[in-house]
Amino acid sequence: MIRLEEVSKHYPGAATPAVDRLSLDVGRGEFVTLVGPSGCGKTTTLKMINRIIEPTGGSIQIDGVEALSMPAYELRRSIGYVIQQIGLFPHRTIAQNIATVPGLLGWDQSRIRARTAQLIDVVGLETEMLDRYPAELSGGQQQRVGVARALAADPPVLLMDEPFGAVDPIVRGHLQREFLTLQHKLGKTVVFVTHDIDEAIFLGTRIAILNTGGILEQYDTPEVILSEPANEFVEDFLGGERGLKRLGLLPISSADLIPGPMIDRSGSREEAERIMSDNGIDWIGVLDGKRLLGWVDRVDLNASGLEGVEPRPFAASLSPRSTLREALDAVVTGHARIAVVVDDGEYQGMLDLEVIAEEITE
Amino acid sequence: MNSVLGQSAPLIDWSWVERNMDQIVDRTWEHLKLTGISVGLGLLISVGLTIFVLRWRWAYPSITGFTGLLYTIPSLALFALLVPFTGLSDTTAIIALTSYTLFILIRNIVAGIDGVPEEVKEAADGMGYTRRARFWKMEVPLALPVIIAGMRIATVTTVGLVTVTAVIGLGGYGFFILRGLNTFFWTQLIVGVVLSVVLATILDVLFIAVQRVLSPWAKANT
Amino acid sequence: MGKGEYLMGIWDQFVDYVADPATWSGPGSFWIRLFDHVWVSVAATVIAFVLVFPMALYLGHIRKGSQAATAVVNIGRALPSFGILAIAFVVLVEMGAGVGTPWSILVALIALAAPPVFTNTIAGIQAVEPATIEAARGMGLTERQILVGIELPMAMPLVMEGLRIAFVQVIATATLGAIVAWGGLGRYIIDGFAVRDNGEILFGALAVGLLAIIAEFGFSLIQRAVTPKGLKVAG
């Protein structure tokens, strides 16, 4: 979808080029993250794709068309662009901001209105915000509008330059997750610049690790980069706890869950005692049919069983989509060295350290 | 109308300049005197008003409003109105010229003091400076670039206004402008204008130099 | 004569002057002078605007305006309006313009009005956040669309500020036109001064003062009207 061939940027008077003959291919629908230390040229590379910065060498093709063959402004109208400082137009309403590129392309008013209403919903904001002005919105809300604005004319490609950098970590996490879901749904090709390796790993289908001068050190999926870093530079850049980061990419697979010491609410005291002694523990998990209610301590059991006893919720609870890293963290945190897996309230099974270790070594 | 240009006479009659050199020097002194006293007096009053304003902030808008109002009064009108009281004298000119400097100077002095970063004041307090010491040792020196910029603006503006005092018999170089105007004598006219501009420029450059010397840490931006 | 009596004397002269019907009619009437004063002020401001605005827009847009703005302000300040007036007068009369015409004061006023308009326009354009411009460029707006659709609306408050400063200064300085035999409200001051009629001088001064205040007020209303809503909301 996007092909960079020997692309260079050499600023006049500079000793070395900012980007030196970089070649990179981005496939349709891919989410490619460009990461690297300051000065590696990742932002310069991104900005050459839509010619905010004009390349001094090489060629850039987007969907087979040479980017340099048309006026820059025309090229940019078919590419979505989201920057860190967002850059909403303060003197226009949210609706007018979003409608900018469709307006430039000459869409008719009703089509623009429909599209704007659709997009504000897609990015998770309320319709009544359309008539507000950027100054009235929070940073996180503004950036959502920024994304909506970039998607307005339905461009096949999105370029994003540290778009979530200017908001606080909690909001950032939300934006990352929501944007990833959005991209899966829309199938856009995304090139995303970040200096945060964790963000790159979380979002990218492929990561391009760049060194000073735009040198491509490794370009592969997160799994491969984490398990087989190409060289010392990449290793250093990935930082410590590489193994844990890898675990963050691996999902827990349902097949390896253990059933665990569970009893139905209607169960008897003897049954509970038996299960507890079989497992050598002082507690038992309580189910109501398929639903997980919690756990009960041995001393809280009364003569008949579980009547009138309130089960306590498990501290370490995971969903089937959790990663091994989350599982490890849960198991380490909880008192009982186990974590339960629950799918929308329905009990799936349990994980303990042994099971997790097996998964890891697979 | 006699056309001076119609003759083959040059634009500037240098012999006139030679003959009237002492007059030119006199007028130079007059121009400098009027400018200097007005700006100096204006500075004193402005500093006083500023100290007052720093203590009683609420007065600032009224003071700015009042000096702004004074500034809006056309110089011609102010000069003419003062004459019945103070006659065709330097005093008249100085009173009017001084009031024009107030608006510029107060604004700049207060802006300079206000412009001192909070962190600096806090650090000074933290180290144990008394309020007075902090004011004179920290705030005033740091405010100096802006204050001097204000003096620069006031001075150059005043040099221009002094020329108008020609209508009440003074004028400094404005005297030559008015005479040249009334007698259609190019030389006098040009001499008057050129000298005013030169004086204004020299003072402008001087102030910029003073600013740089007194505050080497400040970025030169004007 | 004590000061108090002096003041009363002036007040009497003033009242006499106002009461005199000749003040309000005939060739030297107040209305004519007011009209002349206002139209010359407006014309000077408009012409100055037309002359410097395009260049200011351009320099501001390419972000190279600061030096030019500073230079213009400094030069403008060093050139005395009276001087420009005198030179313009002599030149124009040599070229055949009549003595009582407004052209020389017009030239001087244009020179006076240009710097504030120039400087404030540049400041206004250059104050637009770089991120906003980059986002606009990245979306595919042409340079012209950016200037007209983004930078100009956002620069409006400062542009108006510059016009306001220019206009009010021009109104005050138009009084100098009376020195070169033109009319306008400065006429009262020059004539009154000549015959020691302080009432007349006071009349002229008050008239110009009131005019300046009205202009200030009117302009701040205009300023509020042209400020884009989005900027006002930001507070």
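Sequence lines set the chain letters: A, B, ... in the order given, protein chains first and strands last, and positions in each chain run from 1.
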Query raised in the report: Residues of residues 79-108 of chain A under 4.5 Å from chain C (heavy atom pairs)?
Result: Ile79(A), Tyr81(A), Ile83(A), Gln85(A), Ile86(A), Gly87(A), Leu88(A), Phe89(A), Pro90(A), His91(A), Arg92(A), Asn97(A), Thr100(A), Val101(A), Leu104(A)
Query - Region of Gln145(C) in contact with chain A, defined by heavy-atom distances below 4.5 Å - result: side chain
Requested in this report: Just say parallel, tilted or perpendicular for the rings of Trp182(C) and His37(C), cut-offs at 30° and 60°.
Outcome: tilted
Report summary line: Residues of residues 124-142 of chain C with a heavy atom under 4.5 Å from any heavy atom of chain A, in residue-number order, are Ala131(C), Thr132(C), Glu134(C), Ala135(C), Ala136(C), Arg137(C), Gly138(C), Met139(C), Gly140(C), Leu141(C), Thr142(C)
Query raised in the report: Which distance, rounded to the nearest 0.5 Å, do you find between the CG of Leu180(A) and the CG of Leu203(A)?
Result: 5.5 Å
Report summary line: Separation between CZ (Phe82(C)) and OG1 (Thr173(C)), nearest 0.5 Å, reads 13.0 Å
Between the side chain of [X] and the main-chain N/O of [Y], is any donor-acceptor distance below 3.5 Å?
| X | Y | result |
| --- | --- | --- |
| Arg206(A) | Glu30(A) | no |
| Lys9(A) | Glu54(A) | yes |
| Gln143(A) | Val167(A) | no |
| Ser104(C) | Ala88(C) | no |

Query raised in the report: So does Arg144(A) pair up with Glu126(A), basic N to acidic O under 4.0 Å?
Result: no
**Report entry** SB check Lys188(A) Asp154(A) (cutoff 4.0 Å)
**Finding:** yes
Query raised in the report: Taking the six-membered ring for Trp, are the ring centroids of Phe53(C) and Phe118(C) within less than 6.0 Å of each other?
Result: no
